[in-house]
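A short worksheet on the structure shown next.
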Amino acid sequence: MTHHALEIVLTRPLPPQALHRAARVMPLAANHDATHLMALVQAKTPHRAAHRLRRRLEHLLPIDAITTHYPDADHKVLLNVVFPPASHTVLRTEADRAAQSPERFVELALHRALAEHTDREIDRLSRTLRQLLAHTTPAHLLSALGHELTRLPESPAP
């Protein structure tokens, strides 16, 4: 069996005592505000690992989502979410209407939403660039962009 690196996204920051209780069930690493946790879970597949993790910790943690930390060979990340019963019923109805499984329906909806977000972000950046180019030359803008991109992360911004 393989170990799978999984990230747990919590609905709210975790108090230290709750993290300690959960860490007694399975070793966990937390980010600075304990809203994201990392775990290594042994299982045959990422799906089984996420299911096992949720089963072992759902009564101890306010789990919002579980994801695989690393993309698979197809560059995909597993997203494990449990919907409330009413939402699940609506989701199943809409998936049936689209002749898809609920999992496929959610996957396609997420892909559409991410594509729309990407398009909006590209449009926003294009508008900003046009505004910047109205006041400078492409060479100056490119030079400034290169300068900003090569700054070390710890360097203070002017």
Side-chain angles (χ1 to χ4, degrees), residues 1-129 145 148-157:
M1 278 203 259
T2 307
H3 283 88
H4 300 276
L6 300 176
E7 182 173 355
I8 304 167
V9 181
L10 303 174
T11 56
R12 61 185 178 278
L14 200 57
Q17 63 273 23
L19 178 58
H20 183 69
R21 273 193 310 274
R24 279 189 263 158
V25 173
M26 133 183 319
L28 299 168
N31 71 334
H32 69 283
D33 66 354
T35 55
H36 291 76
L37 307 175
M38 291 295 299
L40 284 177
V41 179
Q42 194 172 11
K44 288 183 180 179
T45 67
H47 290 275
R48 286 184 181 178
H51 181 74
R52 180 172 292 152
L53 178 63
R54 184 175 291 279
R55 218 179 49 241
R56 290 180 71 187
L57 296 177
E58 67 186 345
H59 65 286
L60 296 170
L61 300 173
I63 297 174
D64 190 30
I66 298 171
T67 67
T68 48
H69 187 66
Y70 300 107
D72 64 13
D74 296 323
H75 309 288
K76 292 184 178 183
V77 173
L78 174 72
L79 176 63
N80 177 287
V81 180
V82 175
F83 292 103
S87 299
H88 191 265
T89 300
V90 171
L91 175 62
R92 182 168 291 286
T93 301
E94 292 301 316
D96 288 345
R97 188 174 294 144
Q100 298 168 344
S101 70
E103 293 81 7
R104 182 70 176 150
F105 184 80
V106 169
E107 179 182 6
L108 292 175
L110 283 171
H111 281 271
R112 281 191 304 273
L114 289 171
E116 289 170 12
H117 172 74
T118 298
D119 289 345
R120 284 192 307 273
E121 183 66 2
I122 289 170
D123 288 344
R124 183 188 68 78
L125 290 170
S126 292
R127 284 191 307 276
T128 301
L129 280 172
L145 178 61
E148 288 301 315
L149 290 175
T150 58
R151 284 180 174 273
L152 296 175
E154 63 269 11
S155 297

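Inter-residue side-chain proximity for P62 and L14 is flagged as met; some heavy-atom pair is nearer than 4.5 Å.
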Hey, can you pull the donor-acceptor pairs under 3.5 Å for the side chains in residues 23-31, sequence neighbours left out?
from: N31; atom 1: OD1; to: A34; atom 2: N; distance (Å): 3.0
from: N31; atom 1: OD1; to: T35; atom 2: N; distance (Å): 2.9
from: N31; atom 1: OD1; to: H36; atom 2: N; distance (Å): 3.1
from: N31; atom 1: ND2; to: D33; atom 2: OD1; distance (Å): 3.0
from: N31; atom 1: ND2; to: T35; atom 2: OG1; distance (Å): 3.4

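Among pairs with a residue in residues 89-100, those fulfilling salt bridge (Lys or Arg N to Asp or Glu O under 4.0 Å) read E94-R97, at least two apart in sequence or across chains. Counting only residues at least two apart or in different chains, salt bridge (Lys or Arg N to Asp or Glu O under 4.0 Å) contacts with residues 103-124 comprise K76-E107, R104-E107, E121-R124.
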>> Let's go through R48 and T45 carefully: what are the C-alpha distance in whole Å and the side-chain angles of both, what is the deciding distance for side chain to side chain contact (heavy atoms under 4.5 Å, CB included) to 0.1 Å, and is it a yes or a no?
In response: CA-CA 5 Å; R48 286 184 181 178; T45 67; 3.4 Å; yes
> What's the verdict on side chain to side chain contact (heavy atoms under 4.5 Å, CB included) for N80 and T67, showing C-alpha distance, side-chain angles and the deciding distance?
Replying inline: CA-CA 6 Å; N80 177 287; T67 67; over 6 Å; no
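Between the side chain of H4 and the main chain of Q42, no donor-acceptor pair closer than 3.5 Å is present. A side-chain donor-acceptor contact under 3.5 Å links S126 to the backbone of I122.
One finds the CG atom of L79 at 9.0 Å from the OG1 atom of T68 (value rounded to the nearest 0.5 Å). To the nearest 0.5 angstrom, R56 atom CZ is 12.0 Å from L61 atom CG. To the nearest 0.5 Å, the span separating CG on L78 from OH on Y70 amounts to 15.5 Å. Of the inter-residue distances, the one linking K44 atom NZ with R52 atom CZ reads 9.5 Å to the nearest 0.5 angstrom. Atom CD of E7 sits about 11.5 Å away from atom CG of L53, to the nearest 0.5 Å. To the nearest 0.5 Å, atoms CD1 (I8) and NE2 (H69) are separated by 12.5 Å.
The minimum heavy-atom distance linking H88 with F83 is given by the pair N-CB, 4.0 Å. In plain terms, the two heavy atoms of A22 and L60 that are nearest each other are CA-CD1, 3.9 Å.
The environment of H47 atom NE2 is sparse: at most 12 non-hydrogen atoms of other residues, nucleotides or ligands sit within 6.0 angstrom. At most 12 heavy atoms of other shown residues, nucleotides or ligands fall within 6.0 angstrom of atom CZ in R12.
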